[in-house]
Student: 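Take a look at the following structure, please.
Hydrogens, waters and symmetry mates are skipped; everything else that's a heavy atom, side chains included, is used. The first residue of the sequence shown is numbered 1, and numbering continues consecutively from there.
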Amino acid sequence: MMEDSGSTAEMRERFAREAILLSGVQSRHVSKILGFGFEKGQPFLVLEKLAGETLDAKLRRDGPPTPPVAVKWIEQLIIGIRDCHDAKVIHRDIKPSNIFLHHDGQSEMVKVIDFGVARLREIADDGSGALTSANHLIGSMGYMAPEQFTNAKGVHFTADLYAIGVVVFRTLTGRLPFVSRSLHAVIKMKSEQPVPTISTMRGRSWPMSRKPRPG
């Protein structure tokens with residue numbers, strides 16, 4: 001029992017340290033962490049209120065945007081992740097469902113959300129550094145760098161850059177570069193196959209064939 005109490009106290013301390021680190025990220029393109037705490041032993045974060053939808057929801061409904069719109073979104077995403085890295089924070093789970101298109105009543109702005117959550121989940125689970133849950137892994141594996149499958153604790157800033165590249169591919173083509181129902185097949189493709197070029201992904205959602213809208 002004493003060991004369990006000690007482990008819980010250590011987990012809380014580690015979670016608090018990580019949350020404080022994340023709250024230090026200063027960027028207009030990263031969702032702000034306003035606070036954190038524990039409710040019935042479960043850790044939680046308090047985030048700023050946003051209005052809009054995720055990039056994932058937008059792409060699923062409307063398909064790939066025109067190139068100028070895509071460039072604006074990706075540029076703001078890169079700025080947000082750059083600011084995270086400047087604060088020594090690795091996001092670990094960049095994907096369209098963690099990229100929010102925030103509307104402030106006048107304009108649209110990309111906000112990176114859930115940054116660092118993968119790391120916080122590891123701490124809240126058991127501190128082993130293993131990949132989180134099966135559902136989380138399945139939902140994120142298309143955007144994960146190859147090294148994340150084999151050494152989750154050794155993830156570096158380059159993993160975020162890899163994920164940004166996949167987000168760019170998905171935004172412009174409407175699909176992922178590597179797709180399979182098998183986790184092992186995806187890992188093998190990521191490690192051994194060249195990334196397909198966007199020009200080979202022509203189809204009904206191919207954005208480059210669209211003419212930019214006036215204005």
Student: Which pair of heavy atoms, one from Gly80 and one from Ser27, lies closest together, and at what distance?
Tutor: CA-OG, 3.8 Å
Student: Is Val46 reachable from Leu22 through a run of I, L, V, M, F, W or Y residues, each pair having side-chain heavy atoms under 4.5 Å apart?
Tutor: no
Student: Linking I/L/V/M/F/W/Y whenever any side-chain heavy atoms sit under 4.5 Å apart, do Leu176 and Leu59 land together?
Tutor: yes
Student: So, the side chain of Lys111 versus the backbone of Arg28: is there a donor-acceptor pair under 3.5 Å, distance only?
Tutor: yes
Student: If you round to the nearest 0.5 Å, how far is CD1 of Ile81 from CZ of Phe157?
Tutor: 11.0 Å
Student: Hey, what do you get for NE2 (His102) to OG (Ser107), rounding to the nearest 0.5 Å?
Tutor: 8.0 Å
Student: Side-chain contact, heavy-atom cut-off 4.5 Å: His29 with Asp83?
Tutor: no
Student: Might you work through the side chain to side chain contact (heavy atoms under 4.5 Å, CB included) test for Leu34 and Leu47, ending with a clear yes or no?
Tutor: CA-CA 5 Å; Leu34 304 179; Leu47 306 176; over 6 Å; no
Student: Could you go step by step and tell me if Phe178 and Val166 meet the side chain to side chain contact (heavy atoms under 4.5 Å, CB included) rule?
Tutor: CA-CA 9 Å; Phe178 300 113; Val166 181; over 6 Å; no
Student: May I have the step-by-step check of side chain to side chain contact (heavy atoms under 4.5 Å, CB included) for Leu101 and Val110, ending in yes or no?
Tutor: CA-CA 5 Å; Leu101 304 177; Val110 165; 3.8 Å; yes
Student: In the single-linkage hydrophobic clustering (I, L, V, M, F, W, Y; side-chain heavy atoms under 4.5 Å), do Phe36 and Leu21 co-cluster?
Tutor: yes
Student: Considering residues, nucleotides and ligands other than Lys72, do more than 12 of their heavy atoms fall under 6.0 Å from its NZ?
Tutor: yes
Student: To the nearest 0.5 Å, how far apart are CE in Met109 and CG in Asp104?
Tutor: 6.0 Å
Student: Could you tell me whether the side chain of Lys190 and the main chain of Met144 form a donor-acceptor pair under 3.5 Å?
Tutor: yes
Student: On a heavy-atom basis, which atom in Phe15 and which in Gly37 lie closest, and how many Å separate them?
Tutor: CE2-O, 4.5 Å
Student: Which distance, rounded to the nearest 0.5 Å, do you find between the NZ of Lys88 and the CD1 of Ile90?
Tutor: 10.5 Å
Student: Establish whether Val69 and Ile79 are linked, either directly or via other cluster members, by ILVMFWY side-chain heavy-atom contacts under 4.5 Å.
Tutor: no
Student: Measure across Glu53 and Ala57 and return the closest heavy-atom pair with its distance rounded to 0.1 Å.
Tutor: OE1-CB, 3.9 Å
Student: What are the two closest heavy atoms between Glu108 and Trp73, and how far apart are they?
Tutor: OE1-NE1, 2.8 Å
Student: Report the C-alpha distance between Asp86 and Arg82 in whole Å, list the side-chain angles of each, state the deciding distance to 0.1 Å, and finish with yes or no for side chain to side chain contact (heavy atoms under 4.5 Å, CB included).
Tutor: CA-CA 6 Å; Asp86 285 347; Arg82 178 205 64 189; 4.1 Å; yes
Student: Tyr143 versus Val167: any side-chain heavy-atom pair under 4.5 Å?
Tutor: yes
Student: Test your reading of the model: is there a side-chain donor-acceptor pair from His103 to the backbone of Gly105, 3.5 Å cut-off?
Tutor: no
Student: Once rounded to the nearest 0.5 Å, what's the spacing between atom CG of Asp160 and atom CD1 of Ile78?
Tutor: 12.0 Å
Student: Are the side chains of Asp114 and Phe100 in touch, meaning some heavy atoms are under 4.5 Å apart?
Tutor: no
Student: Looking at every non-hydrogen atom in both residues, tell me the closest pair between Pro146 and Tyr162 and how far apart they are.
Tutor: CD-CE1, 3.8 Å
Student: With the threshold set at 4.0 Å, does a side-chain nitrogen-carboxylate oxygen contact exist between Arg14 and Glu18?
Tutor: no
Student: Got Val112 and Asn98 here, is their nearest side-chain heavy-atom distance under 4.5 Å?
Tutor: no
Student: Is it possible for you to say whether Ile20 and Ile33 belong to one hydrophobic cluster, with membership spreading through side-chain heavy-atom contacts below 4.5 Å?
Tutor: yes
Student: Out of curiosity, Ile94 CD1 to Ile113 CD1, how far, rounded to the nearest 0.5 Å?
Tutor: 12.5 Å
Student: As a test of understanding, state which of Leu172, Leu55, Thr171 forms a side-chain contact (heavy atoms from CB on, under 4.5 Å) with Pro65.
Tutor: Thr171
Student: Test your reading of the model: is there a side-chain donor-acceptor pair from His85 to the backbone of His91, 3.5 Å cut-off?
Tutor: no
Student: Testing the basics here: between Thr54 and Pro96, what is the closest heavy-atom pair and its distance to 0.1 Å?
Tutor: CB-O, 3.7 Å
